[in-house]
Chemist: 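Sharing a structure, written as structure tokens. Questions coming.
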Amino acid sequence: MIKKAEHIAIIVTDMDRSIEFYGGMLGYKLRIRGQNPRREMAFLYHEDQPGFEIELICDLQPEGEYSDKGIVNHLAFTVDNIEEAMDYYRIKGIEFNSNKPNTAIDGAQTIFFTGPDQELLQFVQPVKRERV
């Protein structure tokens with residue numbers, strides 16, 4: 001069922017600064033940037049790692065203090081068909097955080113669940129990706 005690790009999400013306090021850091025320092029490029037009413041998000045990719053991305057998340061109105069080390073929010077896994085993956089893993093005992101997938105800013109279908117230590121995990125059924 002699992003195809004690969006999809007992306008890692010990192011909570012940031014300054015989106016422009018973080019995009020500059022991951023781009024200028026580490027060679028990542030911006031694929032897409034957008035926001036919903038609660039937060040701004042950006043997905044970055046590296047040409048030498050075409051199947052893995054970094055998602056930066058910046059709350060538009062922070063709800064509390066951020067760690068001075070930054071916060072890794074979740075680990076995401078690519079699946080071919082999110083509905084089939086949900087059915088398969090429900091039988092194995094996974095309880096998802098919602099009843100149906102959400103649509104991300106890039107059109108991907110996503111759903112969250114937790115691991116054994118309450119770590120936040122996500123399945124992603126991506127859409128065909130176009131690079132910015």
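Quick caveat: nothing in here was measured; it's all calculated off a predicted structure.
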Chemist: Taking the side chain as every heavy atom from C-beta outward, state whether Q125 and D80 have any pair of such atoms under 4.5 Å apart.
Modeler: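 Not in contact.
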Chemist: Who pairs with I2 by side chain to side chain contact (heavy atoms under 4.5 Å, CB included), at least two apart in sequence or on another chain?
Modeler: F77, Y89, F123
Chemist: Is L75 linked to I10 within one hydrophobic cluster, defined over Ile, Leu, Val, Met, Phe, Trp and Tyr using a side-chain heavy-atom separation of less than 4.5 Å?
Modeler: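 Yes, L75 connects to I10 through the hydrophobic network.
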Chemist: Just to verify, what does E95 make a salt bridge (Lys or Arg N to Asp or Glu O under 4.0 Å) with, not counting sequence neighbours?
Modeler: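 Counting only residues at least two positions away or on another chain, E95 forms no salt bridge (Lys or Arg N to Asp or Glu O under 4.0 Å).
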Chemist: Taking the side chain as C-beta and beyond, is there a heavy-atom pair between T110 and P101 under 4.5 Å?
Modeler: no
Chemist: Taking F112 as the starting point, is it possible to reach I54 by hopping between hydrophobic residues whose side chains are less than 4.5 Å apart?
Modeler: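 No, because I54 and F112 fall into different hydrophobic clusters, even though each may have its own neighbours under 4.5 Å.
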Chemist: Between atom NE2 of H74 and atom CG of L120, what is the distance when rounded to the nearest 0.5 Å?
Modeler: 6.5 Å
Chemist: Might you work through the side chain to side chain contact (heavy atoms under 4.5 Å, CB included) test for L30 and I19, ending with a clear yes or no?
Modeler: CA-CA 7 Å; L30 181 66; I19 290 171; 4.3 Å; yes
Chemist: Which residues satisfy the side chain to side chain donor-acceptor pair (under 3.5 Å) test with Q109, sequence neighbours excluded?
Modeler: T103
Chemist: The test is side chain to side chain contact (heavy atoms under 4.5 Å, CB included); show your working for V12 and I57 and say whether it passes.
Modeler: CA-CA 6 Å; V12 301; I57 300 172; over 6 Å; no
Chemist: Tell me, do Q122 and F113 make a side-chain contact under 4.5 Å, heavy atoms counted?
Modeler: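 No. Closest side-chain heavy atoms not under 4.5 Å.
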Chemist: Which heavy atom of I32 sits nearest to which heavy atom of I105, and what is that distance?
Modeler: CD1-O, 4.1 Å
Chemist: Less than 4.5 Å apart, any side-chain heavy atom of L121 and any of T114?
Modeler: no
Chemist: Between CE of M1 and NZ of K92, what distance do you get to the nearest 0.5 Å?
Modeler: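 The distance works out to 10.0 Å.
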Chemist: Rounded to the nearest 0.5 Å, how far apart are CG of L56 and OG1 of T13?
Modeler: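 Answer for the CG-OG1 pair, L56 versus T13, is 11.0 Å.
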Chemist: Hydrophobic clusters here meaning ILVMFWY residues chained together by side-chain heavy-atom distances under 4.5 Å, can you tell me if M86 and I94 are in one?
Modeler: yes
Chemist: Please name the pair of heavy atoms, one in V127 and one in D106, separated by the smallest distance, quoted to 0.1 Å.
Modeler: CG2-O, 3.1 Å
Chemist: Please name all residues satisfying ring pair (Phe, Tyr, Trp, His ring centres under 6.0 Å) with Y88, sequence neighbours left out, ordered by chain then number.
Modeler: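 Expected list: none.
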Chemist: Can you name the nearest heavy-atom pair linking N81 to E83, along with the distance?
Modeler: OD1-N, 3.0 Å
Chemist: Between side-chain atoms of residues 34-44 and protein atoms elsewhere (two or more places apart, or another chain), which donor-acceptor pairs fall under 3.5 Å?
Modeler:
unit_1	atom_1	unit_2	atom_2	d
N36	OD1	R38	N	2.8
N36	OD1	R39	N	2.9
R39	NE	D59	OD1	3.1
R39	NH2	D59	OD1	3.1
E40	OE2	R33	NE	2.5
E40	OE2	R33	NH2	2.9

Chemist: Could you list the residues that satisfy side chain to side chain contact (heavy atoms under 4.5 Å, CB included) with F21, not counting sequence neighbours?
Modeler: M25, L26
Chemist: I'd like to check the side chain to side chain contact (heavy atoms under 4.5 Å, CB included) partners of D14; sequence neighbours left out, ordered by chain and number.
Modeler: D16, R17
Chemist: Yes or no on side-chain hydrogen bond (donor to acceptor under 3.5 Å, both in side chains) for H46 and E53, after CA distance, side-chain angles and deciding distance?
Modeler: CA-CA 7 Å; H46 195 286; E53 294 185 326; over 6 Å; no
Chemist: Write down the atom of V79, the atom of P126, and the distance for their closest heavy-atom approach.
Modeler: O-CD, 3.9 Å
